[in-house]
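First the structure, in the form of structure tokens, and then the observations on it.
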Amino acid sequence: MPLPPSTPSRPAEPWLPGSTRLGVLGGGQLGRMFVHAAQAQGYAVTVLEPDAASPAGAAADVHLKAPYADAAALAQLGASCAAVTTEFENVPAQALRALAAHCTVAPPAAAVEVCQHRAREKAAFLAAGVPCAPHAVIDSAEAARAEAHAALLPGILKTASLGYDGKGQTTVLSLAELPAAWAALGSVPCVLEQRLPLRLEISVIVARGADGTVVHLPVQQNLHRGGILAVTQVPAPDVPEATALQAVALAQQLARALGYVGVLCVEFFVLEDGRLVANEMAPRPHNSGHYSLDACDVSQFDLQLRTLAGLPLVPPRLHSPAVMLNLLGDLWFDGAAASVAGPAAASASAAKAPPGPRPPDWPAVLALPGVHLHLYGKAEARRGRKMGHLTVTAATAAQARAVALQAAALLGLPGF
Ligand code: ATP
Ligand code: MG
């Protein structure tokens, strides 16, 4: 394998399948699914992840157990891999910069840095001509008292960094509440956003190559429960065609404006009046794109691989309508398996069952047609923890939805 050219973050030639080693920063499920995609094409994969037991580390050819900012580990990763990507956005941007001195890195550190900070992210939306919620930066006691913020209320105060799954957010109804709300979030830099009237939420995944080619997955319609993604439906059942086209165009516009290379997910709100507003973006594959593993001829992880290795990007095709259900650790506690056999059996088995988590009734779920089960290899089920997902594919959207509702009922999940 030749050494990378002088601008290593833009490969002049592809890193060919079967010929080299790729790296991932982060050991979560997104990294695990990237590892699977890369190994399927004969690449060896090294994962850098401090946790000894991680979904991606368990699947990788080599697991480097060290902090993401560990200079020696980064040097080893950079020296042994032709190209390195990241599977979560809070990896220190400095680590990506350090790696870029040794090997191809995608996405670029600067773009990841933008995604790590809500204020920078919103500035990037606006600079790219992508509408976002009216907002203000609250980074001091004075700012938390400013009368000018009245126009943003009722609003949502969000920490500028490290928020996920609805954490680090609070609703603010009046100016009087704002100082205490800011203090309750730790007096850290925050963004106050106007609370918008949402009709529904969608996301778009685009992939941009180093040569500027951009492709996209179909628009995903997302349902959240308790601030965590619960259900994704594709094609998006309630999104007009014009809105879907506009969302794709805006996501592509953003990827170009950022000089992005890699997979980028943009979350949008569709407002009551039909307008589109960008919520946030993720510089990596996204939970809402998992259905692409089973319903598209090119998955979001294949796209990540191709952008990283400099391989051709062809437009992915949705070959089956799909519904994805997230499988949180709650399912291991809430006795869904017992509900299959009815209340009498449920109470009988509850009386005998040892306390603690037990897996859902997988055979019952897998007896349904078109069910694709993905578990991430996490040893311990905890409430709110993403343990896996399942995707239902079918010949029609109505069939996929009907089977997904059956699966949800078997698992004890609410309908949608
Ligand atoms: P993620 O896990 O997607 O990173 P997060 O914790 O970063 O989530 P956001 O996506 O900012 O949080 O918000 C979580 C949810 O809260 C959104 O999906 C939406 O349902 C709701 N929400 C956020 N901002 C607004 C807003 N300005 N107006 C109305 N609803 C909002
Ligand atoms: Mg979100």
Side-chain angles (χ1 to χ4, degrees), residues 26 28-30 86-91 112 114-126 130-138 149 151-173 178 181 184-186 188-205 219-233 236 238-239 247 251 254 263-290 300 324 326-329 384-386 389 416:
Q29 59 267 18
L30 297 172
T86 180
E87 64 111 40
F88 82 130
E89 60 263 43
N90 288 319
V91 61
V112 174
V114 168
C115 299
Q116 287 171 346
H117 196 278
R118 289 190 196 274
R120 286 198 291 260
E121 187 173 56
K122 287 194 160 44
F125 287 150
L126 295 176
V130 175
C132 64
H135 64 280
V137 176
I138 310 288
H149 300 324
L152 298 173
L153 301 178
I156 303 176
L157 188 66
K158 304 179 179 180
T159 58
S161 34
L162 302 175
Y164 69 99
D165 289 346
K167 295 181 175 63
Q169 304 195 4
T170 185
T171 298
V172 179
L173 299 176
L178 187 52
L185 288 179
V188 295
C190 285
V191 170
L192 176 65
E193 277 180 42
Q194 194 174 60
R195 194 172 69 196
L196 299 170
L198 312 190
R199 183 191 297 168
L200 49 93
E201 300 189 54
I202 63 174
S203 54
V204 178
I205 287 164
V219 168
Q220 296 117 205
Q221 184 169 323
N222 301 322
L223 174 70
H224 297 83
R225 294 191 187 115
I228 304 178
L229 182 68
V231 181
T232 294
Q233 297 181 79
D238 306 311
V239 178
L254 191 59
V263 168
L264 179 72
C265 178
V266 188
E267 296 178 17
F268 292 95
F269 300 140
V270 182
L271 303 188
E272 291 289 3
D273 64 7
R275 274 185 305 139
L276 268 179
V277 166
N279 173 30
E280 58 178 356
M281 59 182 164
R284 49 164 174 79
H286 192 260
N287 195 165
S288 63
H290 290 354
Q300 61 171 348
M324 190 248 6
N326 254 353
L327 304 172
L328 301 184
R385 189 178 204 197
K386 290 176 180 171
H389 69 270
F416 50 89

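Along the sequence shown, the residues carry numbers beginning at 1. Counting starts at 1 for both ligands and their atoms, following the listed order.
Rounded to the nearest 0.5 angstrom, Ser161 OG and Arg118 CZ are separated by 9.5 Å. Taken from CG in Leu185 to SG in Cys190, the straight-line distance is 5.0 Å, to the nearest 0.5 Å.
Proximity of Leu198 to ligand 1, defined as any heavy-atom pair under 4.0 Å, is confined to the side chain (atoms from C-beta onward). Neither the backbone nor the side chain of Ile228 has any atom closer than 4.0 Å to an atom of ligand 1 (non-hydrogen atoms only). Contacts between Gln194 and ligand 1 below 4.0 angstrom, taking non-hydrogen atoms only, involve the backbone exclusively. At a heavy-atom distance under 4.0 Å, only side-chain atoms of Arg118, from C-beta outward, approach ligand 1.
In terms of heavy atoms, Ala230 sits closest to Arg225 at CB-NH1, 3.6 Å.
One N or O on the side chain of Gln300 and one on the backbone of His286 form a donor-acceptor pair closer than 3.5 Å. A donor-acceptor contact shorter than 3.5 Å links the side chain of Asn326 to the backbone of Leu229. A donor-acceptor pair under 3.5 Å links the side-chain atoms of Gln116 to the main chain of Glu89, judged by distance alone.
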Give the C-alpha distance, both sets of side-chain angles, the deciding distance and a yes or no for side chain to side chain donor-acceptor pair (under 3.5 Å) between Glu267 and Ser203.
-> CA-CA 4 Å; Glu267 296 178 17; Ser203 54; over 6 Å; no
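Applying the 4.0 Å criterion to heavy atoms of Phe269 picks out, from ligand 1, the atoms 19 (C), 22 (N), 23 (C), 24 (N), 25 (C), 26 (C), 31 (C). Near Asn279, meaning under 4.0 Å from one of its heavy atoms, ligand 1 places the atoms 9 (P), 10 (O), 11 (O). Of all atoms in ligand 1, numbered sequentially from 1 with element shown, those under 4.0 Å from a heavy atom of Glu267 are 3 (O), 10 (O).
Taking a cutoff of 4.0 Å between a charged side-chain nitrogen and a carboxylate oxygen, Lys122 and Glu193 qualify as a salt bridge.
In terms of polar-atom proximity, Arg195 is not counted as a contact of ligand 1, lacking any N or O under 3.5 Å from an N or O of the ligand. Checked by distance only, ligand 1 and Leu196 come closer than 3.5 Å through their nitrogen or oxygen atoms.
Summarising the contacts of atom 20 (O) of ligand 1 with His286, Glu201, His224, Glu280, the nearest heavy atom is found in Glu201. Nearest to atom 16 (O) of ligand 1 by heavy-atom distance, out of Glu89, Gln169, His135, Lys158, is Gln169.
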